[in-house]
Amino acid sequence: MSLFKMRKIRAFTLLFCIITFSTFLFSYTFPDPSLYFYKYASRWSDSLFSKGFCSCHHCMTEPDDDPWFTERFNQSVHPFMTTRNSVLSEETFRWWQWLQSERQPANYSQVVEKLFQVIPDEQLYMDANPERCRTCAVVGNSGNLKGAQYGGLIDSNNIIIRMNQAPISGFEEDVGSRTTHHVMYPESAIDLENNTSLVLIPFKTLDLQWIISALTTGTIKQTYLPVMSRIKANKYRVIIYNPTFFKYIYDTWLESHGRYPSTGFLSLMIALHICDEVSVFGFGADQFGNWHHYWEENHLGGAFRHTGVHDGDYEYNVTLLLADKHKIKLFKGV
Ligand SMILES: *[C@@H]1O[C@H](CO)[C@@H](O)[C@H](O)[C@H]1NC(C)=O
Ligand SMILES: *[C@@H]1O[C@H](CO)[C@@H](O)[C@H](O)[C@H]1NC(C)=O
Ligand SMILES: *[C@@H]1O[C@H](CO)[C@@H](O)[C@H](O)[C@H]1NC(C)=O
Ligand SMILES: *[C@@H]1O[C@H](CO)[C@@H](O)[C@H](O)[C@H]1NC(C)=O
Ligand SMILES: *[C@@H]1O[C@H](CO)[C@@H](O)[C@H](O)[C@H]1NC(C)=O
């Protein structure tokens, strides 16, 4: 018999004794011991036998992950930019510059150097370990949130990621009131609370120049659209989406469908890579098949499915698959 098997049997025997003993004990001390008991026993046996990769009930990576997921999930590509990972391969740089066809880009490496004189240059959240349990909510802007009453559920997460316009005031019962991370690009920017991290998705070198400007001099007022020249945001909490990660998502998770991923999908992918448990709200259509925002009345307006640049159907399929495989919990709203 292998040493491993013997250890297992010993651990089982020990567990069995503890179960018997503590059931006996609990039945004297607590009215309903089973609840406490199974919670602890199952967590304990999880850590003994399955070597969970986090301390939540479910972890993003599990020992028995299915091949579809493991073929795609690459934890060594970091979602956020630091000086160290800011150097792009030639292929990535070309792809990234092509996204919005910037005509005369500034010198990228000089811009990046200046950027990290304004915002922190830290590697964030890549600290997965068996003791960590980081729960995250990704809150999309779908009309299916209207009347869904998810506010409490959303607010109970450690990290709450919202994107683009995402108004909260007046919608708290349905969408919650806390925002730890707000994902945006220059053309969709809004002012933020001091305790919210701004996550910028750059589509071009000018976008990096814009965030520098918007936090300092306010000189850039226009990209391909007029943009906010100054933004209210805590510059100690500004984070940049890494173009290398951006391309990894497009190549690996979307298999090059659409021109580039939507903000919603890019935000979901942040959570997948920095969280242990991910709950997803406000994605997809409402019960009538309409695509609109939760703050809009217009059920026909739906701008965000067929914008021409995103493959919303393909993205939603991948999202559904992640839910099927218990990698995310998808709350479909009403
Ligand atoms: C994961 O990403 C790293 C860094 O980009 C790369 O070197 C590695 O080959 C990737 N692994 C897989 C399995 O694709
Ligand atoms: C950008 O600037 C760096 C020096 O800061 C220089 O070495 C590099 O050649 C420049 N790149 C381009 C494309 O001009
Ligand atoms: C940020 O601060 C506001 C009030 O200043 C508070 O309502 C909110 O819960 C805080 N958000 C987070 C994520 O802590
Ligand atoms: C925002 O938070 C930073 C620390 O992260 C602090 O230095 C700054 O004074 C705060 N600003 C406001 C307006 O509260
Ligand atoms: C989504 O998945 C369904 C069934 O799995 C498939 O029939 C459909 O073609 C997929 N759609 C896209 C856009 O890939």
Side-chain angles (χ1 to χ4, degrees), residues 53 60-98 101-126 128 158-160 177-182 189-200 202 204-209 211-212 214-216 218 228 230-256 261 266 269-270 272-274 318 322 325 327:
F53 293 126
M60 189 51 68
T61 53
E62 302 269 3
D64 58 346
D65 273 338
D66 86 339
W68 178 84
F69 183 77
T70 48
E71 272 165 27
R72 286 162 180 75
F73 189 75
N74 189 341
Q75 252 177 326
S76 55
V77 193
H78 293 183
F80 303 129
M81 193 196 271
T82 59
T83 296
R84 267 191 67 182
N85 67 26
S86 68
V87 178
L88 308 179
S89 74
E90 210 179 299
E91 193 196 354
T92 301
F93 186 72
R94 232 181 300 123
W95 175 81
W96 182 65
Q97 282 285 317
W98 164 84
S101 316
E102 191 171 18
R103 292 257 169 79
Q104 289 180 314
N107 183 315
Y108 170 83
S109 56
Q110 284 175 5
V111 172
V112 167
E113 198 186 324
K114 200 160 163 222
L115 176 68
F116 288 114
Q117 288 164 11
V118 177
I119 67 166
D121 186 8
E122 297 171 300
Q123 195 187 93
L124 296 168
Y125 312 122
M126 304 304 288
N158 300 133
I159 288 188
I160 298 153
S177 56
R178 295 176 58 229
T179 308
T180 62
H181 293 74
H182 202 115
I190 60 165
D191 287 332
L192 301 177
E193 299 283 341
N194 198 45
N195 55 7
T196 300
S197 297
L198 188 164
V199 181
L200 178 77
K204 48 194 177 297
T205 308
L206 182 58
D207 295 351
L208 300 175
Q209 295 170 280
I211 191 67
I212 300 171
L215 294 168
T216 57
M228 292 173 79
R230 284 180 192 279
I231 189 159
K232 224 178 84 197
N234 184 338
K235 69 173 177 174
Y236 302 108
R237 294 189 182 211
V238 174
I239 299 172
I240 310 294
Y241 207 92
N242 184 355
T244 303
F245 186 77
F246 197 159
K247 186 162 191 299
Y248 148 69
I249 299 306
Y250 179 69
D251 290 346
T252 305
W253 289 93
L254 294 183
E255 296 177 44
S256 309
L266 291 170
M269 287 294 143
I270 295 176
L272 214 66
H273 289 76
I274 69 168
V318 175
L322 286 167
K325 294 174 189 303
K327 291 302 174 188

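Numbering of ligands and ligand atoms starts at 1, following listing order.
- In this structure, the side chains of Leu272 and Trp253 come closer than 4.5 Å at one or more pairs of heavy atoms.
- In this structure, atom 13 (C) of ligand 2 has its sub-4.0 angstrom surroundings free of protein heavy atoms.
- Taking the six-membered ring wherever Trp is involved, the centroid distance between the rings of His181 and Phe80 does not fall below 6.0 Å.
- Considering backbone and side-chain atoms alike, Asn234 places an N or O below 3.5 Å from some N or O of ligand 4.
- In this structure, atom 6 (C) of ligand 1 lies nearest to the protein heavy atom Asn74 ND2, 4.2 Å.
- Under a 4.0 Å N-O distance rule, the pair Lys327/Glu62 does not qualify as a salt bridge.
- Looking at every heavy atom in both residues, Leu215 comes nearest to Ala233 through CD2-O, 4.1 Å.
- More than 12 heavy atoms of other residues, nucleotides or ligands lie within 6.0 Å of CD in Gln117, so this atom counts as buried by the packing criterion.
- Not one N or O of Tyr236 is nearer than 3.5 Å to an N or O of ligand 4, by distance alone.
- Residues that satisfy the side chain to side chain donor-acceptor pair (under 3.5 Å) test with Gln123, not counting sequence neighbours, are His78.
- For atom 9 (O) of ligand 2, no protein heavy-atom neighbour is present inside the 4.0 Å cut-off.
- Atom 5 (O) of ligand 2 has as its closest protein heavy atom Gln110 NE2, 3.2 Å.
- If you check which protein heavy atom lies closest to atom 4 (C) of ligand 1, you get Ser76 OG, 4.0 Å.
- Close approach of ligand 2 to Asn107 is summarised as follows: ligand atoms under 4.0 Å from at least one heavy atom of the residue are 1 (C), 2 (O), 3 (C), 8 (C), 10 (C), 11 (N), 12 (C), 14 (O).
- Put simply, CZ on Phe116 and CD on Glu122 are 10.5 Å apart, with the number rounded to the nearest 0.5 Å.
- Annotation for ligand 4: atoms under 4.0 Å from non-hydrogen atoms of Asn194 are 1 (C), 2 (O), 3 (C), 8 (C), 10 (C), 11 (N), 12 (C), 14 (O).
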